[in-house]
Amino acid sequence: MDTRWCCKICKLGPIARLIDENYDGGCLSFIGQRQYESHARSISKKVWKNPWVGNQVGASPIQEWTALHIWLYLFRTKAPYNPAYEKGYDRMGCWLCPSSSLADFLQLKESHPELANKLNSHLLDYAERMGLSPEWVKYGLWRYKRYPRVLQELAEKKEFP
Ligand code: SF4
């Protein structure tokens, strides 16, 4: 999650290419991004330019909305929404995203056990090949290149890499 390289390679790059091929002079995109979603988004402006998508101006009309505003709006207008929200998720993203919380991965175990097992066995295989302990998977350390201080302390205390 330190670098989120896949966002650039798998999402932003293809979006920039698609805009290039279809919209001469770039475009304005409305994006459902909100300040309460993360620290980075809390300091984001309402209108911005992502350096990885130079041909797009992004604008979020719901930057200051809370989750309650969103749900009241959806219910009032009877707008469709992703059914995965009914499985307990509060945000949608890639199901194996390293930026997900451990709670999200627990949720994945309940809602999509086949995906959770697939990811887990991949990670355990990788850990074994790299000489890492199973705790590296269990405590979600695989999500970091550099551990945050609290996880670094836990890793040292428990003596796993
Ligand atoms: S897995 Fe996470 S970081 Fe990677 S593309 Fe998906 S949302 Fe972005």
Side-chain angles (χ1 to χ4, degrees), residues 1-23 26-67 70-71 74 80-130 132 134-152 155:
M1 78 165 73
D2 317 35
T3 51
R4 297 173 66 104
W5 60 271
C6 39
C7 260
K8 285 133 201 155
I9 303 296
C10 303
K11 290 181 173 175
L12 302 179
I15 289 171
R17 204 166 50 241
L18 186 130
I19 294 171
D20 250 350
E21 289 165 4
N22 293 281
Y23 300 96
C27 71
L28 166 68
S29 296
F30 292 104
I31 298 169
Q33 174 178 302
R34 299 183 303 112
Q35 67 180 357
Y36 297 108
E37 291 175 329
S38 68
H39 173 67
R41 291 184 177 183
S42 74
I43 54 177
S44 168
K45 296 199 168 116
K46 254 182 142 168
V47 178
W48 70 92
K49 250 191 157 183
N50 185 318
W52 294 92
V53 192
N55 49 9
Q56 169 189 261
V57 173
S60 174
I62 58 168
Q63 174 71 1
E64 282 111 23
W65 287 30
T66 65
I70 302 286
W71 284 109
L74 290 175
Y81 58 85
N82 189 327
Y85 284 113
E86 291 178 359
K87 294 185 184 285
Y89 294 98
D90 65 343
R91 281 183 68 184
M92 295 303 140
C94 301
W95 64 269
L96 45 48
C97 181
S99 291
S100 303
S101 65
L102 288 186
D104 287 332
F105 286 113
L106 274 180
Q107 190 63 39
L108 185 69
K109 235 186 211 172
E110 269 187 35
S111 65
H112 297 83
E114 67 297 345
L115 291 179
N117 290 339
K118 192 174 172 183
L119 176 62
N120 209 46
S121 67
H122 246 307
L123 290 169
L124 286 170
D125 275 359
Y126 179 82
E128 196 178 336
R129 274 189 283 125
M130 303 307 284
L132 297 160
E135 281 79 9
W136 179 78
V137 178
K138 181 178 171 189
Y139 291 105
L141 300 180
W142 62 272
R143 297 171 300 157
Y144 303 92
K145 191 170 171 198
R146 257 176 264 106
Y147 301 155
R149 191 148 55 94
V150 63
L151 280 182
Q152 181 65 43

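Sequential numbering from 1 along the given sequence is applied to the chain's residues. Counting convention: from 1, in listed order, for ligands and their atoms alike. When reading the values below, keep in mind they use all heavy atoms of this one structure, side chains included, and skip hydrogens, waters and symmetry mates.
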Novice: One thing to verify: whether E110 and K87 come together as a salt bridge, which I'm taking to mean a side-chain N less than 4.0 angstrom from a carboxylate O.
Specialist: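 Answer for the salt bridge query: no.
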Novice: At less than 4.0 angstrom from any non-hydrogen atom of C94, what atoms of ligand 1 do you find?
Specialist: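 Close to C94: 1 (S), 5 (S), 6 (Fe), 7 (S).
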Novice: Checking E64 side chain against K46 main chain: does a donor-acceptor pair fall under 3.5 Å?
Specialist: no
Novice: Looking only at protein heavy atoms, which one is nearest to atom 8 (Fe) of ligand 1, and how far off is it?
Specialist: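 Result: C7 SG, 2.3 Å.
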Novice: Please work out whether any backbone atom (N, CA, C, O) or any side-chain heavy atom from C-beta onward of K11 is under 4.0 Å from ligand 1, and answer side chain, backbone, both or neither.
Specialist: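 It is the side chain that touches ligand 1; the backbone stays farther off.
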Novice: Tell me whether Y126 at atom OH has more than 12 heavy atoms from other residues, nucleotides or ligands lying less than 6.0 Å away.
Specialist: no
Novice: Please list the nearest protein heavy atom to atom 4 (Fe) of ligand 1 with its residue and the distance rounded to 0.1 Å.
Specialist: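 That would be C6 SG, 2.3 Å.
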Novice: Closer than 4.0 Å to some heavy atom of C97 - which atoms of ligand 1 meet that?
Specialist: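 In order of numbering, the contacting atoms are 1 (S), 2 (Fe), 3 (S), 7 (S).
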Novice: Measure the acute angle between the ring planes of Y89 and H112, then classify it against the limits of 30° and 60° as parallel, tilted or perpendicular.
Specialist: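 Tilted: the ring planes of Y89 and H112 meet at 30° to 60°.
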Novice: Counting only heavy atoms not in W52, do more than 12 sit closer than 6.0 Å to its CH2 atom?
Specialist: no
Novice: At under 4.0 Å between heavy atoms, which part of C10 makes contact with ligand 1: side chain, backbone, both or neither?
Specialist: neither
